[in-house]
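This report refers to the structure that appears directly beneath it.
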Amino acid sequence: MSEVRVRFAPSPTGFFHIGGARTALFNWLYARHTGGRFVLRIEDTDRQRNTAEALRVILEGLHWLGMDWDEGPEAGGDYGPYFQSERSSIYLDYLGKLKDADRVYEKDGAVYFRLEGERYRAYDNYKKCEVEKVKAAPQVIDDLVRGRVERAEEQDFVLFRRNGEPGFHFVNVVDDLTMGITHVIRGEDHLSNTSKHCELFKAFGEEPPVFAHIPLILKGSGSGKMSKRDEGSLVEEYRRRRFIPEAVRNYLCLLGWSPKDDREKMDIEEVIRLFDLSGINSNNARFDERKLAFMNTAYLREMSRKRFSGEAWDYLVRAGVLKEIGVDTSGWDQRDKRYFEEVMKLCQEKARSIEDLPHFVGYFFTEDYPIDSGAARKVLKQGDPHARLREIRRALEEVASFSEAKLEEKVNELSERTGARPGDYIHPTRLAVSGTNVGPSFYGLLCMLGKARVLNRIDRFLSATPAPV
RNA sequence: GUCCCCUUCGUCUAGCCCGGCCCAGGACACCAGGUUUUCAUCCUGGCGACAGGGGUUCGAAUCCCCUAGGGGACGCCA
């Protein structure tokens with residue numbers, strides 16, 4: 001039994017589509033599961049938009065999602081070149097084979113593949129014209145996901161365009177053949193192309209590889225498959241929005257595949273161990289951003305404090321997001337950095353995403369934080385929050401040094417004395433010192449800010465916000 | 001229009017191949033409670049599906065047929 005060789009063959013368009021990423025992932029998983037090789041081949045024939053930048057988007061996207069390739073750009077390999085634009089002589093060579101077998105002809109300057117079978121003319125309701133059709137023998141595809149699929153081609157198709165460049169079906173087959181690809185794992189949208197490909201393999205006198213057509217990813221709302229124009233369809237978008245790559249990768253694994261038990265959040269090693277083509281289901285999957293977001297939050301919760309803080313630093317400081325809300329981080333020293341880490345430690349169990357962090361932690365770094373109007377409405381609408389604030393301010397002033405236990409004790413003591421509930425103090429105080437009604441542990445939050453800032457913020461709030469009538 | 005694929009909760013899915021253990025399990029979302037500290041955390045509970053119709057069978061989500069619906073392909077794009 002020869003080694004499994006699979007490939008991902010993207011066309012560098014400048015985008016890395018989430019569907020393409022899932023296809024790459026399934027190929028990669030299969031290679032890693034079987035101990036085979038994962039080949040990256042760049043389908044860059046006939047594209048002026050084929051720039052180094054466009055290639056970079058794909059390569060970086062793959063790296064980001066944790067996929068490495070054994071052969072291809074940056075990796076090399078014995079089956080190169082891995083760019084179709086550099087394989088012209090191979091294509092010419094293989095065209096020669098078809099010529100020798102008398103399976104090609106020229107028409108309008110293009111080279112066509114000639115199907116074998118009885119010819120007839122028929123009106124094509126789709127193309128709205130009369131065309132020549134062929135009664136070719138049906139091709140049988142033993143698809144690992146779909147089972148046995150039969151489909152007959154009925155029209156000759158283009159191998160080489162008038163401009164001399166080879167077309168997709170031809171290069172695809174020649175490359176898979178010459179690169180020794182054993183399993184073609186690709187989207188179901190290629191299933192109806194596969195009969196063309198089988199025709200070509202046979203015309204070359206070769207056995208086609210094993211096919212596995214995986215379900216398509218449908219757009220989150222509306223109908224149809226997800227396309228580059230759809231919101232949330234690009235890998236780089238999630239990267240930009242600071243999603244955790246492991247979370248995106250984990251979510252993608254679950255679109256069309258499952259471990260057959262109730263597990264969802266899984267280490268990649270475990271997925272590799274369990275992944276198999278026979279376990280892929282055949283119905284299309286709708287993309288659910290909310291579940292992705294949930295997965296992302298789950299990864300955030302469980303990652304090390306060090307990494308969480310690192311991710312936050314990367315976004316808030318290095319990418320300059322804190323600067324955008326008026327925090328100058330350029331003069332930060334070791335103490336500031338330690339403070340930053342402490343803040344992140346406090347927030348990790350509550351924050352939903354890295355992306356939301358500016359709103360979630362901004363008030364730790366600036367006195368100029370906004371008071372959320374919705375939160376204010378909610379908190380200030382009942383009781384006498386201003387009176388409670390004055391009371392808690394006095395109580396807090398008496399605490400010599402802030403600690404969570406001390407503060408909790410003090411607030412409980414206060415509420416016992418006045419008969420107000422702890423929440424009557426907590427809500428307005430959180431609003432005053434953070435501008436919002438949600439956030440990390442209340443007492444932890446006060447400790448983090450420290451006595452001076454807390455008292456100061458309460459004072460400022462008291463004088464700036466009129467008591468409701 | 002032609003051909004191909006698909007059809008279990010709103011969504012992702014388990015179960016289907018090898019019919020009884022399924023008046024269908026899990027997760028997201030949603031809703032309701034709880035954690036004598038709020039909350040976007042955490043815990044508990046609830047809501048909620050075998051597309052429809054015919055067969056086969058003692059018995060069908062599971063096998064067969066039809067209908068309907070969804071998706072894809074039909075490019076000198078990939």
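We name chains A, B, ... by the order of the sequence lines, and we start the count at 1 in each one.
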Item to complete: Sticking with atom C1', work out how far B:rG48 lies from B:rU67, rounded to a whole angstrom.
Response: 27 Å

Discussion item. Is the base of B:rA29 stacked against the aromatic ring of A:Phe294, taking ring centres under 5.5 Å apart and planes under 30° as the test?
Written reply: no

Worksheet entry | Separation between the P atoms of B:rC47 and B:rU36, rounded to whole Å | 28 Å

Worksheet item: Planes under 30° and centres closer than 5.5 Å, is that true for A:Tyr443 with the base of B:rU37?
Response: no

Discussion item. In this structure, how many angstroms lie between the P atom of B:rC5 and the CD1 atom of A:Ile217, rounded?
Written reply: 22 Å

Fill in: Aromatic ring proximity A:Tyr94/A:Phe204, centre distance under 6.0 Å
yes

Fill in: Side chain of A:Asp124 - closest among B:rG1, B:rC76, B:rA73
B:rG1

Item to complete: Assign A:Arg421 to base, sugar-phosphate, or nothing according to its heavy-atom contacts below 4.0 angstrom with the strands shown.
Response: nothing

Worksheet entry | Within-4.5 Å side-chain heavy-atom neighbours: A:Phe168 and A:Ser11 | no

Item to complete: With A:Thr194 as reference, evaluate A:Arg186, A:Glu199, A:His169 under the side chain to side chain donor-acceptor pair (under 3.5 Å) test and give the passing residue.
Response: A:Arg186

Response to the item:
In whole angstroms, the gap separating C1' of B:rU7 from CG of A:Leu216 amounts to 15 Å

Discussion item. Counting only heavy atoms and a strict 4.0 angstrom limit, can you tell me which residues of residues 129-148 of chain A come near RNA chain B?
Written reply: A:Arg146

Worksheet item: Rounding to the closest angstrom, what is the interatomic distance between B:rG54 and B:rC3 at atom P?
Response: 28 Å

Fill in: Mate of B:rC22 where both pairing distances stay under 3.5 Å, Watson-Crick or G-U
none

Response to the item:
Closest of B:rG71, B:rA40, B:rC76 to the A:Phe360 side chain is B:rA40

Worksheet item: Reckon A:Asp189 touches a base, only the sugar-phosphate, or nothing at all at heavy-atom distances under 4.0 Å?
Response: sugar-phosphate

Fill in: ring-ring contact (aromatic ring centres under 6.0 Å, His included) between A:Trp257 and A:Phe275, worked out
CA-CA 8 Å; A:Trp257 178 85; A:Phe275 186 85; 5.7 Å; yes

Worksheet item: Could you give the CG-to-P distance, from A:Asn163 to B:rC77, as a whole number of Å?
Response: 8 Å

Discussion item. Within the 4.0 Å heavy-atom criterion, would you say A:Glu408 contacts the bases, only the backbone, or no part of the nucleic acid?
Written reply: base

Item to complete: Rounded to whole angstrom, note down the C1' distance from B:rC63 over to B:rA27.
Response: 30 Å

Item to complete: Pick the C1' atom in B:rA73 and in B:rA78, then give their distance to the nearest Å.
Response: 13 Å

Worksheet item: Would you say a side-chain N or O of A:Arg352 is under 4.0 Å from OP1 or OP2 of B:rU41?
Response: yes

Practice prompt. Would you check if the distance from the ring center of A:Phe8 to the ring center of A:Phe38 is below 6.0 Å?
Written response: no

Item to complete: For B:rG34 and B:rC18, measure between their C1' atoms and round to the nearest Å.
Response: 45 Å

Practice prompt. Measure from CG on A:Leu159 to C1' on B:rC76 and round the result to the nearest Å.
Written response: 11 Å

Worksheet, complete the sentence: For nucleotides 9-15 of chain B, 5' to 3', base contacts (B), sugar-phosphate-only contacts (S) and non-contacts (-) with protein non-hydrogen atoms under 4.0 Å give -BSBSSS

Item to complete: Salt-bridge test for A:Arg41 and A:Glu43: reply yes if a basic N is under 4.0 Å from a carboxylate O, no otherwise.
Response: yes

Item to complete: Just call it for A:Ser223: base, sugar-phosphate, or nothing, with non-hydrogen atoms closer than 4.0 Å on any strand.
Response: sugar-phosphate

Discussion item. Taking only the P atom of each, what is the distance from B:rC39 to B:rC31 in whole angstrom?
Written reply: 14 Å

Worksheet item: Without hydrogens or angle criteria, can the side chains of A:Lys202 and A:Gln139 be said to hold a donor-acceptor pair below 3.5 Å?
Response: yes

Worksheet item: If you check every side-chain atom of A:Val149, which of B:rC5, B:rC76, B:rG1 has the closest atom?
Response: B:rC5

Item to complete: Provide the closest heavy-atom pair for A:Val134 versus A:Asp156 in the form atom of the first, atom of the second, distance.
Response: CG2-OD1, 4.1 Å

Practice prompt. Considering only atom C1', compute the distance from B:rG45 to B:rG26 and round it to an integer number of Å.
Written response: 16 Å

Worksheet item: Just by distance, with hydrogens left out, do A:Asn412 and A:Arg417 show a side-chain donor and acceptor under 3.5 Å apart?
Response: no

Practice prompt. For the side chain of A:Arg430, starting at C-beta, report the closest nucleotide among B:rC6, B:rG75, B:rU38.
Written response: B:rU38

Practice prompt. Mind checking A:Gly224 for me? I need base, sugar-phosphate or nothing, with any heavy atom below 4.0 Å counting as a touch.
Written response: sugar-phosphate

Worksheet item: Looking across every strand, which nucleic acid part, if any, lies under 4.0 Å from A:His169 by heavy atom: base, sugar-phosphate, or nothing?
Response: base

Worksheet item: Are any non-hydrogen side-chain atoms of A:Arg7 and A:Trp69 less than 4.5 angstrom apart?
Response: no

Worksheet item: When all nucleic acid strands are considered with a 4.0 Å heavy-atom cut-off, which category describes A:Gly423: base, sugar-phosphate, or nothing?
Response: nothing

Discussion item. Counting only side-chain heavy atoms from C-beta out, which of B:rC74, B:rC77, B:rU37 sits nearest to A:Asn412?
Written reply: B:rU37

Practice prompt. Describe the nucleic acid contact of A:Glu188 in one word from base, sugar-phosphate, nothing, applying a heavy-atom distance below 4.0 Å.
Written response: base

Worksheet item: What about the rings of A:Phe287 and A:Tyr251, do their centers lie closer together than 6.0 Å?
Response: yes

Worksheet item: Which nucleotide, in any strand shown, forms a Watson-Crick or G-U wobble pair with B:rU44, with both distances under 3.5 Å?
Response: B:rA32

Worksheet item: Counting any heavy atom closer than 4.0 Å, what does A:Lys225 reach on the DNA or RNA strands: base, sugar-phosphate only, or nothing?
Response: sugar-phosphate

Response to the item:
Closest to the side chain of A:Tyr112, out of B:rG1, B:rC39, B:rC76, is B:rC76

Discussion item. Can you give me the closest heavy-atom contact between A:Ile392 and A:Leu414, atom names plus distance?
Written reply: CA-CD2, 3.7 Å

